[in-house]
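Below: the structure, in structure tokens.
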Amino acid sequence: QVQLVESGGGLVQAGGSLRLSCAASGRTSSNYDLGWFRQAPGKEHEFVAAIDWNGSNTYYADDVKGRFTISRGNAKNTVYLQMNSLKPEDTAVYYCARHIFGGNWNEARDYNYWGQGTQVTVSS
């Protein structure tokens with residue numbers, strides 16, 4: 001059974017930083033390709049970043065490039081999203097999700113397991 005648990009959200013002022021964590025569990029959790037999406041009120045899930053199972057390849061949405069960094073922990077079943085220079089428009093619930101092999105990295109429909117989400121609020 002695949003489980004994804006996010007943590008690290010909170011309230012921060014514009015220009016500040018947060019680091020989100022996603023802990024994956026399951027028989028082969030260290031081999032999961034994982035991604036981060038976010039959802040603001042009234043909007044659909046928006047791709048943020050993704051990383052393949054061994055950390056060799058990373059992918060970012062244009063509006064977070066240079067500000068956010070996705071990485072894997074040493075145990076490989078934990079993924080981090082370091083968010084710097086946060087803006088009020090980054091406010092959303094952030095979700096960790098498992099990518100389906102061969103699917104598009106930036107399409108929510110190509111992720112089949114999702115965590116419960118963690119709220120990130122950036123004040124101006």
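Remember, predicted model here, so these are calculated numbers, not experimental data.
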Quiz item: H99 and ring-ring contact (aromatic ring centres under 6.0 Å, His included): which partner among Y32, W36, W105, W53?
Solution: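 Of the listed options, the one satisfying the test is W105.
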Self-check item: Which atom of R98 lies closest to which atom of L4, heavy atoms considered
Solution: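 For R98 and L4, the tightest heavy-atom pair comes out as N-CD1, 3.7 Å.
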Distance check, rounded to the nearest 0.5 Å: [X] atom [atom1] versus [Y] atom [atom2]?
X: S85; Y: R67; atom1: OG; atom2: CZ; value: 7.0 Å
X: L34; Y: Y113; atom1: CG; atom2: OH; value: 13.0 Å
X: I51; Y: I70; atom1: CD1; atom2: CD1; value: 5.5 Å

Within the 4.5 Å heavy-atom criterion, are [X] and [Y] side-chain neighbours or not?
X: T121; Y: V12; value: no
X: L20; Y: E6; value: no
X: T118; Y: V93; value: no
X: C96; Y: W114; value: no
X: Y94; Y: L81; value: yes

Practice problem: State whether D90 and K87 are salt-bridged, where the test is any N-O pair (Lys NZ or Arg NE/NH1/NH2 against Asp/Glu carboxylate O) under 4.0 Å. | Solution: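 Salt bridge: no.
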Practice problem: Please answer: with hydrophobic residues joined when any side-chain heavy atoms are less than 4.5 Å apart, are L18 and Y95 in the same cluster? | Solution: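 Each belongs to a different hydrophobic cluster.
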Exercise. State which residues pass side chain to side chain contact (heavy atoms under 4.5 Å, CB included) with N104; sequence neighbours excluded, sorted by chain then number.
Key: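 Expected list: N106, E107, R109, D110.
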Using a 3.5 Å distance criterion without hydrogens, assess whether the side chain of [X] forms a donor-acceptor pair with backbone atoms of [Y].
X: T91; Y: V122; result: yes
X: Q82; Y: F68; result: no
X: R72; Y: D52; result: yes

Quiz item: Pairs in or reaching into residues 14-37: which pass salt bridge (Lys or Arg N to Asp or Glu O under 4.0 Å), with residues at least two apart or in two chains?
Solution: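 Qualifying pairs: none.
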Practice problem: Start with the C-alpha gap between F37 and Y111, add the side-chain angles, then the distance that decides, and say whether ring-ring contact (aromatic ring centres under 6.0 Å, His included) holds. | Solution: CA-CA 10 Å; F37 284 76; Y111 290 75; 4.8 Å; yes
Please set out all donor-acceptor pairs under 3.5 angstrom arising from side-chain atoms of residues 39-47, sequence neighbours excluded.
unit_1, atom_1, unit_2, atom_2, d
Q39, NE2, K43, O, 2.9
E46, OE1, R38, NE, 2.8

